[in-house]
Undergrad: 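Pasting a structure below so you can have a look.
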Amino acid sequence: MKSKFYITTPIYYVNASPHIGHSYTTIAADTIARFMRKALKEGNVLFLTGTDEHGQKIQKAADEAGLSAQEFVDKVVVQFRNLWKTLNISYDDFIRTTQDRHIRTVQKALQMLYDKKEIYSAEYQGWYCTPCEIFWTETQLTDSLCPDCRRPLEKISEVNYFFKISAYQDWLFNHIKNNPCFIQPASRQEEILSFLKMNTLTDLCISRPRQRLSWGIPVPFSKEHVTYVWFDALINYISAVGEFDDKGNYVSGWWGDDTRIVHMIGKDILRQHTVYWPIMLKALGIRMPDTVCAHGWWLIDAAKMSKSRGNVVNPLEVVDKYGVDVYRYFLLKDVPFGLDGNFSEEAIVKRFNSDLANDLGNLLYRTLTMIEKYYQGVIPSPRDGAHDERIKNIASCITSLSREVEDALAKATFNFSLALEKIWEPINMANKYVEEAKPWNLAKENKKEELEAFIRILVDVIRQVGNALSPFMPQTASLIEEQIGRDKISKGRPLFPRIENKR
RNA sequence: CGCGGGGUGGAGCAGCCUGGUAGCUCAUUAGGCUCAUAACCUAAAGGUCGAGAGUUCAAAUCUCUCCCCCGCAACCA
């Protein structure tokens, strides 16, 4: 295992408020970051998130809001930061593409690629919709009308800058083929490989004329142009953690061979991250990230969530109603990572009641009650040599738990739901064991040693589970710690009171 | 003949690569228990594994054909 770990979310486009999808990616990355902080030494994990603040859509949204672009993004970025706070996101750095450190690096990268002749200028043809102020390429059109407003388009041609990504097609194909961890899950790797096999890459247009779009990073070798948003955006992963030196070498404490680099993304931006980005890095002479992990989408009532459909779920409302950790748990558990999931409040309530209230919450609560009842709230000290077969089984289950969670979580597949299933194994075993051990009889018959051994194993299970759960549900983990982490218990209200009569 | 993903008990999924009693969670039903949040434990019912053909001693699993659903312009997790 590499000694350092660097994980990123995409930088989110701030043309509108954050929704469930943004929160999903970020919670997933946060969980991994928290897990890795426990696995590696302190200070060896860097978790980066941020915002993408340039481009036409933002310019337009700002205009509509009657604000300057900068004022507009300053306003929206606050919403993202607040949401991350609410969701207990432990990011170490937050990059904005309007920050100096980023602009500097983007311009340097552009200049280097230009000097290396990786970027060239060419005439670019397309159709322009004057009322919308949007430029459309041939491939974006189905007829001669503006896809947005259905008005006639005007054919224009202009000079733009292009990045020679076509030259790297074979290299990229082989890189992906030879590094099965590079694109995860495997089905996504196949998707990209077949895309590369079936298509010839066309050079990427990385500029926009300034007269049409002023809200962007100026291209250093042309006063007439700003940088295309995707080229701008992808660079954030390196601009946040390093700089180019005078010789054009990228220098960073988080991009060396001792660091495992992971980009967590949604499946919608797979191509940018597995085609454009590696080629940009390659052309700049920078090493590849280890893994680009693409998760699925949350569907709302089986339909794609979109701003135009108006079915966007606001994470804050869900958190208000059910709690942060319930939300985090639901997203990470309800769907195998990588696939699309269906979001609904019914599904949350179901998960809440069965996993959190009935299994975990109830185990803690019934255990606390027994400690209160049989030991006046003082947790009996550990005893060696429990000879009961069932206790041994449970003990070995919690001993291997951290390894199993690591297997599920530290590998490139990032199997959150499997990890949580593993954590629930001892919970279920413990609940079952209560039935078998019949502590109420042990108490009546005054079998002290057996009762103690019984209580101890429950306490051990709960503590281990709380510990294993901390990357997923940090707040819950500390509540468990608070209630049963010390010599004397501190019984509170049930962690997850069942939600009743929902329909 | 465009590409890819999918179609498995009521719901959601695993199994398919490396054929050999079809499994998990939830829901349902019956019973048990009382430490506990009407919770927990046990048991049962429920599937011709989209359709058809083929290979095989044996197919959810391999091959072929067909049907149905989803995605494949852009913005977007």
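Chain A is the first sequence line, chain B the second, and so forth, proteins listed ahead of strands; every chain is numbered from 1.
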Undergrad: Applying the Watson-Crick and G-U wobble criteria at under 3.5 Å, what pairs with B:A51? Answer none if nothing qualifies.
TA: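 Its partner is B:U65.
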
Undergrad: B:G15 and B:G9: how far apart are their C1' atoms, nearest whole angstrom?
TA: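 So the two C1' atoms sit 15 Å from each other.
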
Undergrad: NA contact type, A:Thr369, heavy-atom cut-off 4.0 Å: base, sugar-phosphate, or nothing?
TA: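 A:Thr369: backbone/sugar contact only, no base atoms under 4.0 Å.
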
Undergrad: Please state how far atom CZ in A:Arg271 lies from atom P in B:G4, giving the value in whole angstrom units.
TA: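 About 14 Å, once rounded to whole Å.
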
Undergrad: Just to be sure I understand the rule, does A:Ile269 reach a base, reach only the sugar-phosphate, or reach nothing, if contact means heavy atoms closer than 4.0 Å?
TA: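 Sugar-phosphate: the residue A:Ile269, judged by heavy atoms under 4.0 Å, touches backbone atoms but no base.
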
Undergrad: Rounded to whole angstroms, how far apart are CD on A:Glu190 and C1' on B:G71?
TA: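 So the CD-C1' distance, A:Glu190 to B:G71, works out to 16 Å.
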
Undergrad: Which part of the nucleic acid does A:Asp268 contact within heavy-atom distance under 4.0 Å: base, sugar-phosphate only, or nothing?
TA: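 Base, at least one base atom sits under 4.0 Å.
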
Undergrad: Can you identify which nucleotide, out of B:C40, B:A77, B:C13, has its nearest atom closest to the A:Arg366 side chain?
TA: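 Selected nucleotide (nearest to the side chain): B:C40.
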
Undergrad: Provide the distance between the two C1' atoms, one in B:U25 and one in B:C72, to the nearest whole Å.
TA: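 To the nearest whole Å, 32 Å.
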
Undergrad: Indicate whether OP1 or OP2 belonging to B:C40 is found under 4.0 Å from a side-chain N or O atom of A:Asn358.
TA: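 Yes, because at least one side-chain N or O of A:Asn358 sits under 4.0 Å from OP1 or OP2 of B:C40.
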
Undergrad: Provide the distance between the two P atoms, one in B:A27 and one in B:U18, to the nearest whole Å.
TA: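 Looking at atom P only, B:A27 and B:U18 are 38 Å apart.
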
Undergrad: For A:Glu191 and B:G6, give me the distance from atom CD to atom C1', rounded to whole Å.
TA: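 Value for this atom pair: 13 Å.
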
Undergrad: Which part of the nucleic acid does A:Trp230 contact within heavy-atom distance under 4.0 Å: base, sugar-phosphate only, or nothing?
TA: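 Touches sugar-phosphate only.
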
Undergrad: Indicate yes or no: does A:Asp355 engage A:Lys350 in a salt bridge with an N to O separation below 4.0 Å.
TA: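 Salt bridge: no.
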
Undergrad: B:G71 and B:A11: how far apart are their C1' atoms, nearest whole angstrom?
TA: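 Roughly 23 Å separates the two C1' atoms.
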
Undergrad: Between the side chains of A:Thr26 and A:Tyr12, does any donor sit under 3.5 Å from an acceptor?
TA: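 Yes, because at least one side-chain N or O of A:Thr26 sits under 3.5 Å from a partner of the opposite role on A:Tyr12.
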
Undergrad: Select base, sugar-phosphate, or nothing to describe what A:Pro439 touches, counting heavy atoms under 4.0 Å on all strands.
TA: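 No contact at all - A:Pro439 keeps every heavy atom at 4.0 Å or more from the nucleic acid.
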
Undergrad: With rounding to the nearest 0.5 angstrom, report the NE2 to CG distance, A:His295 to A:Leu331.
TA: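 The distance works out to 10.0 Å.
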
Undergrad: With a 4.0 Å cut-off on heavy atoms, is A:Gly55 in touch with a base, just the backbone sugar-phosphate, or nothing at all?
TA: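 Counting heavy atoms under 4.0 Å across all strands, no contact is made by A:Gly55.
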
Undergrad: Do the side chain of A:Asp203 and the main chain of A:Ser166 share a donor and acceptor less than 3.5 angstrom apart?
TA: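 Here the side-chain-to-backbone pair exists.
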
Undergrad: Need one value for A:Asp359: base, sugar-phosphate or nothing, where a base atom within 4.0 Å counts as base even if backbone is also close, heavy atoms only.
TA: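 It contacts sugar-phosphate atoms only.
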
Undergrad: Can you tell me how far C1' in B:A36 sits from the matching atom in B:U8, rounded to whole Å?
TA: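 Pairwise C1' distance, B:A36 against B:U8, rounds to 37 Å.
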
Undergrad: Is the base of B:A36 touched by the side chain of A:Asn362 through a donor-acceptor pair closer than 3.5 angstrom?
TA: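 Yes.
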
Undergrad: Any side-chain N or O of A:Trp297 under 4.0 Å from OP1/OP2 of B:A77?
TA: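 For B:A77, OP1/OP2 do not have a side-chain N/O of A:Trp297 under 4.0 Å.
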
Undergrad: Would you kindly give the CD-to-P distance between A:Gln272 and B:A73, to the nearest whole Å?
TA: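 Distance, rounded to whole Å: 13 Å.
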
Undergrad: May I ask you to say what A:Tyr228 touches in the nucleic acid, namely base, sugar-phosphate or nothing, with a heavy-atom cut-off under 4.0 Å?
TA: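 Sugar-phosphate contact only.
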
Undergrad: Can you tell me, in whole Å, how much space there is between the P of B:G6 and that of B:C24?
TA: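 Comparing P positions in B:G6 and B:C24 gives a spacing of 23 Å.
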
Undergrad: Check if the side chain of A:Glu435 and the base of B:C35 share a donor-acceptor pair of N or O atoms closer than 3.5 Å.
TA: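 Result: at least one qualifying N/O pair found.
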
Undergrad: Please check if any side-chain donor atom of A:His263 sits under 3.5 Å from a side-chain acceptor atom of A:Thr291, or the reverse.
TA: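 Side chains of A:His263 and A:Thr291: no pair found under 3.5 Å.
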
Undergrad: Looking only at atom P, what distance separates B:U42 and B:C26, rounded to whole Å?
TA: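 Between the two P atoms, the distance is 11 Å.
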
Undergrad: Between B:C75, B:U37, B:C35, spot the one nearest the side chain of A:Tyr365, thanks.
TA: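 Ranking B:C75, B:U37, B:C35 by closest atom to the A:Tyr365 side chain puts B:U37 first.
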
Undergrad: Please determine whether a side-chain nitrogen of the Lys or Arg among A:Arg366 and A:Glu435 lies less than 4.0 Å from a carboxylate oxygen of the Asp or Glu.
TA: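 Looking at A:Glu435 together with A:Arg366, the answer is yes, because their closest N to O distance falls below 4.0 Å.
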
Undergrad: State which of B:U37, B:G5, B:C75 makes the closest approach to the side chain of A:Ala357.
TA: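 It is B:U37.
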
Undergrad: In whole angstrom, give the distance that lies between atom OH of A:Tyr374 and atom P of B:U34.
TA: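 Rounded to whole Å, this separation is 10 Å.
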
Undergrad: Taking the side chain from A:Trp215 and the backbone from A:Glu53, do they hold a donor-acceptor pair closer than 3.5 Å?
TA: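 Here the side-chain-to-backbone pair exists.
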
Undergrad: Have a look at A:Phe195 and say if it touches a base, only the backbone sugar-phosphate, or nothing, with a 4.0 Å heavy-atom cut-off.
TA: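 It contacts nothing in the nucleic acid.
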
Undergrad: What's the verdict on ring-ring contact (aromatic ring centres under 6.0 Å, His included) for A:Tyr322 and A:Tyr327, showing C-alpha distance, side-chain angles and the deciding distance?
TA: CA-CA 7 Å; A:Tyr322 300 101; A:Tyr327 184 65; 9.4 Å; no

Undergrad: Can you tell me the distance, in whole Å, between the CG atom of A:Asp334 and the P atom of B:G12?
TA: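 Distance, rounded to whole Å: 12 Å.
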
Undergrad: Is A:Lys432 close enough to B:C40 that one of its side-chain N or O atoms is under 4.0 Å from OP1 or OP2 there?
TA: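 No, no such contact exists.
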
Undergrad: For B:G46 versus B:U29, give the span between their P atoms, rounded off to a whole number of Å.
TA: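 After rounding to an integer number of Å, I get 16 Å for this pair.
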
Undergrad: Paired with B:C75 by Watson-Crick or G-U wobble geometry, both distances under 3.5 Å: which nucleotide is it?
TA: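 Result: none.
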
Undergrad: Determine the contact category for A:Gly266: base if any of its heavy atoms lies under 4.0 Å from a base atom, sugar-phosphate if only primed atoms, P, OP1 or OP2 are that close, otherwise nothing.
TA: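 Touches sugar-phosphate only.
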
Undergrad: Could you check whether A:Leu364 gets within reach of a base, just the sugar-phosphate, or nothing at all, counting any heavy atom under 4.0 Å?
TA: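 The residue A:Leu364 makes no contact with any strand.
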
Undergrad: Counting only Watson-Crick or G-U wobble pairs whose two distances fall under 3.5 Å, which nucleotide matches B:C35?
TA: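 No nucleotide pairs with B:C35.
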
Undergrad: Please determine, for B:C26, whether a Watson-Crick or G-U wobble partner exists with both distances under 3.5 Å, and give it or none.
TA: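 The base-pairing partner of B:C26, which may sit in any strand shown, is B:G10.
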
Undergrad: Using whole Å, report how far CZ of A:Phe416 lies from C1' of B:U25.
TA: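 After rounding, the gap between these two atoms is 20 Å.
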
Undergrad: Just how far, in rounded Å, is P of B:A36 from CG of A:Leu360?
TA: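 Roughly 18 Å, once rounded to whole Å.
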
Undergrad: Quick check on RNA chain B: between A:Ser187 and A:Lys267, whose nearest nucleotide comes earlier from the 5' end?
TA: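 By nearest-heavy-atom nucleotide position, the 5'-most residue is A:Ser187.
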
